[in-house]
Amino acid sequence: MDFSFSDEQLQLRDVVRRFCDQEYPAERRGTAVSAEVAARRWRQMADMGLLGLPFDSACGGSGLSAVELMLVMEELGRSLASEPYFATVALGGALVAAAASPAQAQALLPRVVSGELTLALGFGEPDGRYELLPVEAEARPGSDGYRLNGHKTLVLNGDTADMLLIVARTAGAAHERDGVTLFLVDRKLHGVEVHGYSTLDGRRAADIVLRDACIPVDHVLGPVGEALPLLENVIERAVAALCAEATGALDALLALTVDYVKVRKQFGVPLATFQALQHRLVDMLIACEQARSMAVVAAMAIDDAGGDAAQRRRLVSAAKVQVGNAGRFVGQQAIQMHGAMGMTDECSVGHYVKRLMVINQLFGDVQYHLRRFAQETAA
Amino acid sequence: MDFSFSDEQLQLRDVVRRFCDQEYPAERRGTAVSAEVAARRWRQMADMGLLGLPFDSACGGSGLSAVELMLVMEELGRSLASEPYFATVALGGALVAAAASPAQAQALLPRVVSGELTLALGFGEPDGRYELLPVEAEARPGSDGYRLNGHKTLVLNGDTADMLLIVARTAGAAHERDGVTLFLVDRKLHGVEVHGYSTLDGRRAADIVLRDACIPVDHVLGPVGEALPLLENVIERAVAALCAEATGALDALLALTVDYVKVRKQFGVPLATFQALQHRLVDMLIACEQARSMAVVAAMAIDDAGGDAAQRRRLVSAAKVQVGNAGRFVGQQAIQMHGAMGMTDECSVGHYVKRLMVINQLFGDVQYHLRRFAQETAA
Amino acid sequence: MKLQFSAEDEAFRQEVRSFVRAQLPGDVRQKVARGLRLERSDYVAWYAKLYERGWITPGWPVEHGGPGWTPVQRYIFDEETLLGDAPRIIASGINMLGPVLIAFGSEEQKRRHLPPIRRSEVWWAQGFSEPGAGSDLASMRTSAVRDGDHFIVNGHKIWTSYAHFCDWLFCLVRTGSGKPQESISFLLIDLKTPGITVRPIRAIDGGNDLNEVFLDDVRVPAENLIGEINKGWSYAKYLLGHERTSIAGVGASKQQLARLKRLAACVRSEAGGLLIEEPSFRTRIAAIEIDLLALEYTGLRMLSGATVAAAPGVDASLLKIRGTELRQAIYEMLVEVAGPHAVAFVEEALFLEHAGEAVGPSDMTALAANYLDSRKLSIYGGANEIQRNLAARSLLEL
Amino acid sequence: MKLQFSAEDEAFRQEVRSFVRAQLPGDVRQKVARGLRLERSDYVAWYAKLYERGWITPGWPVEHGGPGWTPVQRYIFDEETLLGDAPRIIASGINMLGPVLIAFGSEEQKRRHLPPIRRSEVWWAQGFSEPGAGSDLASMRTSAVRDGDHFIVNGHKIWTSYAHFCDWLFCLVRTGSGKPQESISFLLIDLKTPGITVRPIRAIDGGNDLNEVFLDDVRVPAENLIGEINKGWSYAKYLLGHERTSIAGVGASKQQLARLKRLAACVRSEAGGLLIEEPSFRTRIAAIEIDLLALEYTGLRMLSGATVAAAPGVDASLLKIRGTELRQAIYEMLVEVAGPHAVAFVEEALFLEHAGEAVGPSDMTALAANYLDSRKLSIYGGANEIQRNLAARSLLEL
């Protein structure tokens, strides 16, 4: 049992924090930036090695663990960095690393690491809510590869990513675990309709409609029909990374609120002198700390290769629940204490709140993970 | 829609309140009294007409409604009156009035009204939790009447009541609605074992074990095999009465706490000056008022003869939920604000808290009635 | 005592219900039901119907065009219009300025301003709050200095709801120094007067109902002063008292609860069945419904003249606190029902004309925005912390 | 970073677990598991085993008989003894006085008092609180006046836990006037001294662990003064710091959670199956379990040296607040599981010897009493309101 970070880990955190402090100045967090700025930031992330963080050194990555990813995600969360880091590295890249053949990995990951290639994962379907199943999207083998048909929804950064990873069924019925296969799909391919839109947190997602999109056989990622366990595994890691991002956002929200109540006066005295607000701030602090503890533990559980899989799922669900509850409570109170100012788009509080809402609604909300935790506990 | 009390109703309340103020002085609420004092109080209640309040004038009662019973119960709750009013009048007496033949009613109710006869209702069985079914206790017809066997638990005032009303099965299987019959059983009859004990609120209850107790045919109350709907109806009314009692106790707890924080000093100033406590007291007030509103509505729904039965059940369940939640919250906070003093038996706060706990655990707790409300709403 | 509404009241309820069904324009009803954005023209379309029927100013005295309803009738009217998905009466001219003009305005002011308010021809914005003076009006700084027949007004108002819809502003201004009770006046200002800039403030839900109003050497005719100079504080207090009608928002909560159940009946739960059928979801809805029932009957008890036993004078605070908390809890569950559909945020789809561009079920498009907007409920109209302070003062006799 | 305990720590855990299984007397274990009343002899029976094993004073330095454990070992020891249903170490001599004697006592005082504490021969009560001075020690009034070789003590102490078990009292007394930092002394008093009356205070759960101690011209030898005169305040602060070990009570919460699940697996729910299998009940338990996990890991992070990022110095308050709230939530659910069985309250049945006289399942006899007793958790040891004040001061740098 050891929760202390290594010197290397602390250095990584400091480097990322300095980068974020510089690139995302506090007063402009959550606001849109030009394409040039976004591209510059992405290049810098590549230069710092962040885009290759979890990948094998053979692919140009640093081969670091979930704890390092956590440290990076936390800083990105703290500064509301809107670059497609999560979609490309934590989700898409991780899935490539887990599923791809060595040749495919060599073809893709070095370009991710260098910042040339962005990825997006299309797994959810319109009525699927938070479950991976059913998978209704179909891939039928033909002479020139597979023909994909189906509708993938809420593909994070799906309208900007260069390459899509699409989950489709090569066999079996919609709810079966077997028969699910992963395809690498060029966004600009014929038969791939990309309907991009804004998300609540001001980022991008897309619905992808596939109409007889023709995918060559060498664009199948991993074993045909057996993608589901891989996908579950990667999503487990991705959820841990999102939880880490949330702790950064939570910290920032608390700090913003603490600063505000110290300055803002009502009836001639700072808000910070009101005991009711003091006590609520303490409860916010506690919520943040509990969420942080679980986010750390979730990352450590991901790294604990020898650990029990059910226990890992329990810990990840517990982290998602804590983060979700903390996000709601801290977010609501941060708005409340900022008063009318907290209701405006000009105040960064709302941007943090919306990012935390999105995090809660991705990959299962509080109720979903409470139920999953209860099931894993009973099982 | 009219929530105003009539002058007669207000007079009734004032009379009872004066009686309670005199008989249950604030500093001694919740403490045990001698048998003589208890007997004197009971006589006074009889003299004031309280023991006949809901019964027909033909039986010496006043024929008043659930709203009047509510007003009385509220005052008894406010003063923590421990006399067996609920068991004898609201539960036992009400069941006799609902089920008995005119001759039986004439034989029993005038004695209840005059204070000579106390009653207790035995319906629950050890594993039944809050449901009326299963009824496992059996009554087999014989030449000289019925032979009763079975075990009734948590019979309120069962060890002091002169006469017991026992629910037993004359036909059918344990979970069937049909075949349930009501028997009038003398507590001292051969084959009736009475195991009396204290309840959490310092009152009395008993487990009644029946071993071939021989009950004459004319001690059957109401139609053979059809007692369940009658019983449900009476318990519905009894729950409304308990909710009213709870509002009185809640009011008293809030008032005690308000008084205490105004007087008790910490760090040189009264507790009442701390905003965190002020806000919590407001939440206690709100909880009390919401509970009171539902208790009033439950009583009115009982009196609303033309009303819809499902709607009545919904409103009674809603009242029980509000009263249960308010009892827990207000009780916990009353203790908390009284500090160590609130943890002692010498402070009446604990006595109110325990009575409110008992009320929550009788006839279905918060979770039970939440579920019942949800079912009635969907149905 | 009587639990049911009287036959007359029930008849009135039917009358209101039929009226809403028949007269509320379908597109307006849809916008309200789905939580989409409303324009001034949407409100006016509905208000015009109410005006024709004589129901546009329920809170005004009969001689000024009020319908002369009992408190119970007003309650029923509020509930039925909300349950019928009609827009609320948000016009500050009707809810706020009207009663003040009637009570304190000159005959000339009433003659000039009341009829256009009733006909929804002139919309009024409220200029009370200032930066640095939210719930605490005493630290207000906008000044009006007399200059012959005019006042010269300088200052900065904020959180003026719907100012972008509005033609006029009623405004608190400082006309003296010293205690607010003796130095604030109540002034009517035409928003077209030179020197006025209205800047919309984008809200967290993307809406722009909130505005800032900058007043820079604005010349206001002295005839636009309400009542006496330096007495504005008392008029404002009168107004804020009037703002309290249906403060518990039970009707609005019922409307959203109905929406919640409607949507939950279309969503499949992870357990397999419909979300609305899942026992733990139903129990959580039941908890809210019961709390709402208790609040509703608390309000009805108060309407019927019963005072809160434990502390007279806290009624309004009590209803405001619980009413807003409950409404917020319902909006929280609405987002839960939306599930992943709450993530997409297609701003154009919040306008009915573009609702087809929504991602996912189009009746879920606005849920996240509506939730965010609901956070204002515990802030505006006297933050819930202020309400608890007030209630504690009464309860503890401080 | 490492999520698992080290092999050595796991071995230590097994060692403690085996020790508890082998050495904890069966009747004592039953009493703890079922929440029944414990006598001094029950505690002593267990403490004697711990003494023999060298584990009775985990918080003392090795040279005074402490086992020399790491913080993690102490954590494991606490958890395993609690999960094995052993009594907690409630003896104030071990938890409170010992560390003070070791730090500030004379050699003679240490020689005389430490060994009987370790052997559980002499039990100590804490005399800090007074009527009117609960969380606020500064307003203490009990006085000690020097009279030759003695102090004459007069006053009234209250909330002295377990004083009816105890032989000696350590006590704060006023020996001067002025600021408490300069006028309070720390005195040891033999409870057999003439002039002392111990009056038990019946608690709401019927227990009598709490007492009042009246001191009436009690002559205390001057050699019983700890450290310097008028420096008692700083010794008391040192002591209260030591009281904070395992303040989160995670072990105790786990113990009660296990009890909750055990009991819920024996109760039939209204829905037909067992309560523990009902989805909404399981989800509610899961919510508590997750919160407890988060608290446990927060404590472990702190043990491992991580400070709370947002505000250093609030660790203890944070653990105390959430730890007690969670434990109380579990006790609430225990009463819920008991259902109607919580109504009967047969006081004798709270003693194992009479447990057969319980009404209903005998393992539910004590649930209501245990719930009531749990309300003290948020009051004693610095009420949670005080903890929040302290934490806010650090967080806001007030």
Side-chain angles (χ1 to χ4, degrees), chain B residues 1-6 9 65 67 247 250-251 254-255 258 261-262 270 272-273 275 277-294 296-297 299-301 303-304 306-307 314-315 317-322 325-326 366-367 369-378, chain C residues 1-6 9-10 70-72 75-76 261 276-277 279-287 289-306 308-311 314-315 317-319 321-322 325-326 384-385 387-398:
Chain B
M1 184 71 60
D2 177 12
F3 289 86
S4 53
F5 296 112
S6 70
Q9 288 170 332
S65 74
V67 168
T247 63
L250 284 165
D251 252 19
L254 178 60
V258 164
V261 298
K262 289 205 272 194
T273 57
Q275 194 191 30
L277 301 191
Q278 291 176 357
H279 284 198
R280 224 183 291 153
L281 283 162
V282 169
D283 288 335
M284 290 163 72
L285 169 64
I286 293 176
C288 289
E289 279 308 315
Q290 286 193 289
R292 168 180 306 281
S293 296
M294 286 318 302
V296 170
V297 167
M300 289 166 79
D303 283 340
D304 186 23
R314 284 180 83 226
L315 293 175
S317 277
K320 195 71 169 48
V321 167
Q322 284 291 327
N325 282 333
V366 168
Q367 290 298 320
H369 281 283
L370 266 179
R371 198 162 34 232
R372 197 176 85 145
F373 181 93
Q375 279 160 0
E376 294 290 353
T377 303
Chain C
M1 301 192 90
K2 199 164 167 315
L3 190 54
Q4 312 301 346
F5 286 98
S6 69
D9 286 339
E10 285 297 345
T70 63
V72 170
Y75 185 91
I76 290 172
K261 289 178 165 186
I276 189 77
E277 289 163 359
S280 74
F281 185 82
R282 277 173 54 192
T283 311
R284 289 165 61 221
I285 289 199
E289 279 189 286
I290 289 174
D291 239 354
L292 187 58
L293 266 180
L295 185 72
E296 177 176 22
Y297 283 115
T298 302
L300 287 168
R301 273 174 61 222
M302 290 169 182
L303 264 194
S304 130
V308 172
V314 305
D315 302 10
S317 295
L318 186 161
L319 296 178
I321 294 167
R322 284 307 282 148
E325 286 176 348
L326 270 171
N384 282 10
E385 288 84 357
Q387 302 293 345
R388 283 193 168 85
N389 286 348
L390 290 172
R393 221 164 286 168
S394 303
L395 174 64
L396 292 163
E397 294 160 355
L398 290 175

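Order of the sequence lines sets the chain letters (A, B, ...), proteins ahead of strands, with each chain counted from 1.
The heavy-atom pair separating B:His279 from C:Asn389 by the smallest distance is NE2-OD1, 2.7 Å. Scanning both residues, B:Ala318 and C:Ile290, for their nearest heavy atoms gives O-CG2, 3.6 Å. Considering every non-hydrogen atom in both C:Ala294 and B:Ser293, the closest pair reads O-CB, 3.8 Å. Of all the heavy atoms in B:Ala272 and C:Leu396, the pair that sits closest is O-CD1, 4.0 Å. In plain terms, the two heavy atoms of C:Leu3 and B:Met1 that are nearest each other are O-CE, 3.2 Å. When all heavy atoms of C:Val314 and B:Leu285 are compared, the closest pair comes out as CG2-CD2, 3.5 Å.
Contact check for B:Val297 versus C:Arg301: no side-chain heavy atoms found under the 4.5 Å cut-off. Counting heavy atoms from C-beta outward, B:Met294 and C:Thr298 have side chains that stay 4.5 Å or more apart. Side-chain contact check for C:Glu289 versus B:Thr377: some heavy-atom pair is nearer than 4.5 Å. In this structure the side chain of B:Glu289 never reaches within 4.5 angstrom of the side chain of C:Met302, judged on heavy atoms. Looking only at side-chain heavy atoms (C-beta outward), B:Gln278 and C:Arg393 stay at 4.5 Å or farther from each other. Under the 4.5 Å side-chain criterion, counting only non-hydrogen atoms from C-beta, B:Phe3 is in contact with C:Leu300.
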For this session: Please report the C-alpha distance between C:Asp291 and B:Gln322 in whole Å, then the side-chain angles of each, then the deciding distance to 0.1 Å, and finally whether the side-chain contact (heavy atoms from CB on, under 4.5 Å) criterion is met.
Result: CA-CA 7 Å; C:Asp291 239 354; B:Gln322 284 291 327; 2.9 Å; yes

Problem set entry | C:Arg388 and B:Gln275: CA distance, side-chain angles, deciding distance, side-chain contact (heavy atoms from CB on, under 4.5 Å) verdict | CA-CA 9 Å; C:Arg388 283 193 168 85; B:Gln275 194 191 30; over 6 Å; no

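At a 4.5 Å heavy-atom cutoff, B:Ala255 makes no contact with chain C through either its backbone or its side chain. Neither the backbone nor the side chain of C:Glu277 comes within contact range of chain B; no heavy atom of the residue lies under 4.5 Å from a heavy atom of that chain. At a 4.5 Å heavy-atom cutoff, the contact between C:Ser6 and chain B is made by backbone atoms alone. With a 4.5 Å cut-off on non-hydrogen atoms, B:Val321 touches chain C through its side chain but not through its backbone. Neither the backbone nor the side chain of B:Val366 comes within less than 4.5 Å of any heavy atom of chain C. Using a 4.5 Å cut-off between heavy atoms, C:Ile321 contacts chain B through its side chain alone, with no backbone atom that close. Contacts of B:Leu315 with chain C are made by side-chain atoms alone, with heavy-atom separations under 4.5 Å and no backbone atom involved.
Put simply, CG on B:Asp304 and NZ on C:Lys2 are 7.5 Å apart, with the number rounded to the nearest 0.5 Å. Taken to the nearest 0.5 Å, the OG atom of B:Ser317 stands 11.5 Å off from the CG atom of C:Leu293.
Ranked by heavy-atom pairs under 4.5 Å with chain C, the first of B:Ile286, B:Val67, B:Val296 is B:Ile286.
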